[in-house]
Participant: 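Below are the structure tokens for one structure; questions will follow.
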Amino acid sequence: LDSMKLKEREIKSIAYADSNQILGAIVCPDEHVRLSQDIKWQEICVKSHPSLVSESKIEDNNMVVSTTIKLYTADNLPKYPKQLGFKVTLTDGTKLLVGSIGRPYTTVEITKNCPESVKDNQLNEVVISYKSSHFPYYILE
């Protein structure tokens with residue numbers, strides 16, 4: 001690891017769109033995806049620094065990738081049954097797509113905080129989960 005330069009990969013921004021808008025996405029063989037320029041992404045105002053973790057494992061001879069995004073926000077996200085796709089932009093300009101058109105959909109869990117002390121976190125804790133057969137695609141624009 002000493003000789004390898006690790007690129008800083010922090011999340012700069014997260015946006016969502018109805019997964020129906022992702023219709024027509026073209027997946028390229030090199031784990032990239034081309035999306036329509038017409039998608040209306042809704043930016044989420046997030047507290048620094050959200051996290052994104054993708055883990056792979058083999059189940060019944062198939063690769064299953066579990067991707068989890070954790071963030072804090074005062075924003076209200078659309079409620080179920082809205083199916084959402086997420087665009088995650090990293091500080092190096094890389095954009096990742098979490099979610100797709102069709103199943104499996106992303107799941108969004110929201111914890112609303114009303115703490116005892118005003119000094120404690122009052123933001124909504126949001127956990128976005130997505131299971132698929134691949135790591136999040138890189139978005140080509």
Side-chain angles (χ1 to χ4, degrees), residues 1-117 119-141:
L1 269 175
D2 293 343
S3 62
M4 289 174 46
K5 292 270 188 220
L6 293 176
K7 208 176 351 178
E8 197 171 295
R9 294 176 56 99
E10 291 181 342
I11 295 175
K12 182 167 86 174
S13 65
I14 300 176
Y16 65 86
D18 189 305
S19 63
N20 290 330
Q21 290 188 51
I22 300 170
L23 186 65
I26 300 167
V27 179
C28 305
D30 59 354
E31 297 187 356
H32 285 72
V33 66
R34 278 193 197 283
L35 300 177
S36 164
Q37 297 297 317
D38 298 336
I39 297 175
K40 291 175 179 52
W41 294 103
Q42 184 68 44
E43 197 81 25
I44 303 171
C45 182
V46 296
K47 177 184 174 193
S48 302
H49 294 276
S51 68
L52 182 147
V53 176
S54 291
E55 306 174 294
S56 67
K57 64 181 176 181
I58 303 297
E59 286 182 10
D60 298 326
N61 290 327
N62 294 307
M63 184 166 85
V64 176
V65 177
S66 299
T67 299
T68 305
I69 301 170
K70 292 183 181 175
L71 61 97
Y72 291 94
T73 183
D75 292 358
N76 288 314
L77 273 66
K79 295 189 176 39
Y80 180 82
K82 272 271 196 222
Q83 305 302 340
L84 303 175
F86 294 86
K87 177 173 69 170
V88 178
T89 304
L90 306 180
T91 49
D92 67 2
T94 303
K95 293 181 173 81
L96 302 169
L97 177 65
V98 177
S100 67
I101 178 77
R103 298 182 187 279
Y105 296 113
T106 55
T107 59
V108 179
E109 298 173 36
I110 300 170
T111 305
K112 295 193 178 250
N113 291 308
C114 297
E116 289 180 29
S117 168
K119 294 178 185 172
D120 293 340
N121 176 41
Q122 297 181 27
L123 298 173
N124 300 329
E125 181 180 343
V126 179
V127 177
I128 300 156
S129 304
Y130 180 61
K131 283 194 178 201
S132 65
S133 60
H134 56 83
F135 285 94
Y137 290 128
Y138 292 96
I139 299 173
L140 294 175
E141 292 184 314

Participant: Heavy atoms, side chains only, cut-off 4.5 Å: are Asn124 and Asn76 in contact?
Facilitator: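 Sidechains of Asn76 and Asn124: in contact.
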Participant: Which heavy atom of Ala25 sits nearest a heavy atom of Leu35, and at what distance?
Facilitator: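 For Ala25 and Leu35, the tightest heavy-atom pair comes out as CB-CD2, 3.6 Å.
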Participant: Working to the nearest 0.5 angstrom, can you tell me the gap between Tyr16 OH and Ile39 CD1?
Facilitator: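 Tyr16 OH to Ile39 CD1: 14.5 Å, rounded to 0.5 Å.
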Participant: Quick one: does any side-chain atom of Thr106 pair with a main-chain N or O of Leu84 as donor and acceptor, under 3.5 Å?
Facilitator: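 At least one qualifying donor-acceptor pair exists.
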Participant: Nearest heavy-atom pair of Trp41 and Gly85: which atoms, and what distance?
Facilitator: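 In terms of heavy atoms, the two residues are closest at CZ3-O, 3.6 Å.
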Participant: Nearest 0.5 angstrom please: Glu125 CD to Lys47 NZ, how far?
Facilitator: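 Rounded to the nearest 0.5 Å, the CD-NZ separation comes to 10.5 Å.
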Participant: Between Ser100 and Tyr130, do the side chains contain a donor N or O and an acceptor N or O under 3.5 Å apart?
Facilitator: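 Per modelled atom types, Tyr130 and Ser100 side chains form a pair under 3.5 Å.
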Participant: Which residue pairs pass the side chain to side chain donor-acceptor pair (under 3.5 Å) test when at least one of the two sits in residues 50-60, sequence neighbours left out?
Facilitator: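 For residues 50-60: Ser54-Thr67, Lys57-Glu59.
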Participant: Nearest 0.5 Å, what's the CD1-CZ distance between Ile139 and Arg34?
Facilitator: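 One gets 12.5 Å once the value is rounded to the nearest 0.5 Å.
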Participant: Which atom names give the shortest non-hydrogen contact between Cys45 and Thr73, and what distance separates them?
Facilitator: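 Nearest pair, atom of Cys45 first, then Thr73: O-OG1, 2.5 Å.
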Participant: Do other residues, nucleotides or ligands put more than 12 heavy atoms under 6.0 Å from the CZ atom of Phe135?
Facilitator: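 Enclosed.
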Participant: Taking side chain to side chain donor-acceptor pair (under 3.5 Å) as the cut-off, I'd like each qualifying pair that reaches into residues 19-31, sequence neighbours left out, listed once.
Facilitator: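 Residue pairs passing side chain to side chain donor-acceptor pair (under 3.5 Å), neighbours aside: Asp18-Asn20, Asp30-His32.
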Participant: Does a side-chain heavy-atom distance below 4.5 Å link Pro50 with Ile14?
Facilitator: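 Pro50 reaches Ile14 side chain to side chain.
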Participant: What closest approach, in Å, do Lys131 and Pro104 show between heavy atoms, and which atom pair accounts for it?
Facilitator: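 Looking at all heavy atoms of both residues, the closest pair is O-CG, 2.7 Å.
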Participant: Taking all non-hydrogen atoms of both residues, which atom of Glu43 and which atom of Ser13 are closest, and how far apart?
Facilitator: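 In this case the closest contact between Glu43 and Ser13 is OE2-CB, 2.8 Å.
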Participant: What distance do Thr89 atom OG1 and Glu10 atom CD have between them, rounded to the nearest 0.5 Å?
Facilitator: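 Reported value, rounded in 0.5 Å steps: 14.0 Å.
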Participant: Please evaluate residues Ile44 and Phe86 with respect to the criterion side-chain contact (heavy atoms from CB on, under 4.5 Å), reporting the C-alpha separation (whole Å), side-chain torsions for both, the decisive distance (0.1 Å), and the verdict.
Facilitator: CA-CA 10 Å; Ile44 303 171; Phe86 294 86; 4.2 Å; yes
Participant: Is any side-chain heavy atom of Tyr138 closer than 4.5 Å to a side-chain heavy atom of Leu96?
Facilitator: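 A side-chain contact under 4.5 Å exists here.
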Participant: In sequence, state the C-alpha distance, the side-chain angles, and the governing distance for Ile22 and Leu97, and then conclude on side-chain contact (heavy atoms from CB on, under 4.5 Å).
Facilitator: CA-CA 10 Å; Ile22 300 170; Leu97 177 65; 4.1 Å; yes
Participant: Roughly how far apart are Lys70 NZ and Ser129 OG, rounded to 0.5 Å?
Facilitator: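 Nearest 0.5 Å value for the NZ-OG distance: 8.5 Å.
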Participant: Among Leu71, Val98, Leu90, Thr68, exactly one meets side-chain contact (heavy atoms from CB on, under 4.5 Å) together with Leu52. Which residue is that?
Facilitator: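 Exactly one option meets the side-chain contact (heavy atoms from CB on, under 4.5 Å) with Leu52, and it is Val98.
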